[in-house]
2 protein chains.
Amino acid sequence: MKKEINKKYKFAVIAVDVVILTIKDDKLSALLMPMQKEPYLNYWAVLGGLIKPNESVNEAAKRYLFEKTGLKNVYLEQLYAFGEVGRDPFGRVVSVVYFVLIPHENFRLKISKKIKRVKWFSVDSLPPLAYDHGQIIKTAAERLQAKLSYTNIIYGLLPEKFTLGELQKSYEIILKKKLDKRNFRKKLMSLNIIKSAAGQKRGEAHRPAQLFSFVSKKPQVVEIL
Amino acid sequence: MKKEINKKYKFAVIAVDVVILTIKDDKLSALLMPMQKEPYLNYWAVLGGLIKPNESVNEAAKRYLFEKTGLKNVYLEQLYAFGEVGRDPFGRVVSVVYFVLIPHENFRLKISKKIKRVKWFSVDSLPPLAYDHGQIIKTAAERLQAKLSYTNIIYGLLPEKFTLGELQKSYEIILKKKLDKRNFRKKLMSLNIIKSAAGQKRGEAHRPAQLFSFVSKKPQVVEIL
DNA sequence: GCAAAAGTGTTCAGGGTACACCCATGT
DNA sequence: ACATGGGTGTACCCTGAACACTTTTGC
């Protein structure tokens with residue numbers, strides 16, 4: 001599809017790209033799919049596509065996300081518009097990039113049959129990437145890291161119910177630093193952003209953990225760490 | 001120019017808009033220009049235009065800024081991409097919006113002769129605005145307010161040399177709250193982001209004030225307030 | 001029994017906040 | 001003389017940071 005761009009359009013066209021992030025195997029990871037055409041054959045890319053004339057840019061991002069992965073009602077935020085002239089060898093494409101947070105656990109992606117395969121990569125060890133997608137993923141990871149400290153958006157990465165240990169570990173992975181368990185719990189309980197939920201997490205070779213859930217799954221500015 | 005859009009382009013075209021902000025008469029103010037065509041005749045708008053095929057989006061923003069106001073080497077940051085379908089009645093236009101900070105004092109704008117006139121408006125009492133420019137200015141003001149608290153970007157709004165009183169007043173205007181003079185000075189001196197500069201500010205009916213300048217005019221993350 | 005994470009309080013230091021008076025100037 | 005903002009120090013409180021042991025489970 002992108003091949004015909006430089007024939008059809010003198011001016012730039014608009015694409016959206018969506019960086020899907022989750023925590024998997026104790027790493028912040030991005031969902032990538034392999035390119036199927038030269039010059040990026042076998043390079044990996046984030047999900048994306050051109051916008052349609054009758055949809056907003058936000059809608060286009062949500063549409064591609066849903067069409068290609070089945071994801072809906074997840075944390076989604078506009079990241080940045082990437083508009084360098086040479087960023088797409090097929091033609092002039094300006095991409096408005098979004099990032100999405102999903103809990104890894106229990107999430108079944110419904111990958112579109114048009115996509116050969118997808119794979120999660122740790123954002124710290126990415127394969128060769130198409131276009132400027134390396135820069136894009138780096139920017140997304142930085143934004144996420146920055147926002148964790150002063151907002152509650154960690155909720156996007158956790159399942160409905162979670163333990164304080166899992167919550168703390170999520171912060172530690174993204175902030176890349178160890179946190180003190182007692183101080184962490186004291187702080188989070190004082191912020192009123194999480195509440196005790198019914199039940200415990202059992203089945204592991206240690207004492208069961210109380211479950212918690214988020215009071216609100218709307219973005220809030222809160223001084224967390 | 002924008003009139004032909006819906007004839008020529010089936011798909012969306014890309015524009016840039018630039019919100020120019022300064023502090024004038026103790027108000028955070030935006031530079032606006034009157035529209036000269038229906039349906040927005042006599043509405044006001046921020047500076048903007050379409051991008052050219054051979055320039056990046058960032059370059060387009062800087063080019064329009066320079067061409068229309070003569071401004072260069074000022075604080076400029078990408079704000080957000082606005083992409084609602086109906087935002088421009090002439091056709092499908094997605095706008096990548098930037099904001100710019102300038103010191104008001106001593107700044108001579110070289111307004112392009114193509115522009116009939118420009119005027120500063122307090123962002124808290126804006127005239128009727130074209131397109132979604134009300135939303136755009138509001139978003140810019142919010143971003144600025146948020147970033148003042150944790151970065152040093154106030155430097156964009158102040159002249160080369162300034163007094164601590166002027167600096168404090170700038171914060172107070174944008175944050176919309178009074179600050180304690182002694183605590184403010186103590187904090188800023190401890191951060192090493194400003195340094196004493198030669199000379200004093202005299203000529204006003206009170207004790208002369210020492211001048212200061214910024215150690216660095218690069219954006220830095222610093223916990224200021 | 002052993003390993004592994006859950007759960008729980010106290011102490012200390014540093015930073016934020018509140019607060020009042022004299023100084024140097026222009027009019 | 002008077003009005004105006006410049007310039008300065010201290011006391012208190014609260015928050016952030018450091019720190020260790022017992023509990024409950026699965027194997």
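Reminder, nothing fancy here: chain letters follow the sequence lines and each chain counts from 1.
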Per the under-4.0 Å heavy-atom filter, residues of residues 201-213 of chain A near DNA chain C come out as A:Ala205, A:His206, A:Arg207, A:Pro208, A:Ala209, A:Gln210
A:Lys176 meets the side-chain hydrogen bond (donor to acceptor under 3.5 Å, both in side chains) criterion, sequence neighbours left out, with A:Asp124
Which residues satisfy the ring-ring contact (aromatic ring centres under 6.0 Å, His included) test with A:Tyr40, sequence neighbours excluded? A:Tyr43, A:Tyr131
Got a salt bridge between A:Glu223 and A:Lys187, using NZ or NE/NH1/NH2 to carboxylate O under 4.0 Å? no
Do the side chain of B:Asn152 and the main chain of B:Gln220 share a donor and acceptor less than 3.5 angstrom apart? yes
All ring-ring contact (aromatic ring centres under 6.0 Å, His included) counterparts of A:Phe82, not counting sequence neighbours: A:Tyr80
Extract, from 5' to 3' on DNA chain C, the first and final nucleotides lying under 4.0 angstrom from some heavy atom of chain A. C:dA3 to C:dT10
Specify the residue among B:Lys187 and B:Arg182 whose closest nucleotide of DNA chain C lies further upstream toward the 5′ end. B:Lys187
Could you note down all residue pairs passing salt bridge (Lys or Arg N to Asp or Glu O under 4.0 Å) where residues 127-148 of chain B supplies at least one of them, sequence neighbours left out? B:Glu77-B:Arg143, B:Glu77-B:Lys147, B:Arg87-B:Asp132, B:Lys138-B:Glu142
Atom pairs, N/O to N/O, protein against nucleotides 10-14 of chain D, distance under 3.5 Å?
from: D:dT10; atom 1: O4; to: B:Lys186; atom 2: NZ; distance (Å): 2.9

Which residue pairs pass the ring pair (Phe, Tyr, Trp, His ring centres under 6.0 Å) test when at least one of the two sits in residues 166-206 of chain A, sequence neighbours left out? A:Tyr171-A:Phe184
Is B:Glu55 salt-bridged to B:Lys62, going by a charged N under 4.0 Å from an acidic O? no
The reported gap from NZ in B:Lys72 to CZ in B:Phe66 (rounded to nearest 0.5 angstrom) is 4.5 Å
Looking at the base of D:dG5, is there any donor atom on it, or on the side chain of B:Lys181, that sits under 3.5 Å from an acceptor on the other one? no
Residues forming a side chain to side chain contact (heavy atoms under 4.5 Å, CB included) with A:Lys161, sequence neighbours excluded: A:Ala197, A:Ala198, A:Leu211
Counterpart residues, side chain to side chain contact (heavy atoms under 4.5 Å, CB included), relative to B:Ser149 (two or more places apart): B:Leu175
Using a strict 4.0 Å threshold on nitrogen-to-oxygen distance, state whether A:Lys114 and A:Glu67 make a salt bridge. no
Which of residues 163-180 of chain B sit near DNA chain D, with a heavy atom under 4.0 Å from it? B:Gly165
Taking only residues two or more places apart in sequence or in another chain, which ones pass side chain to side chain contact (heavy atoms under 4.5 Å, CB included) with B:Thr22? B:Lys24, B:Ile102, B:His104, B:Trp120
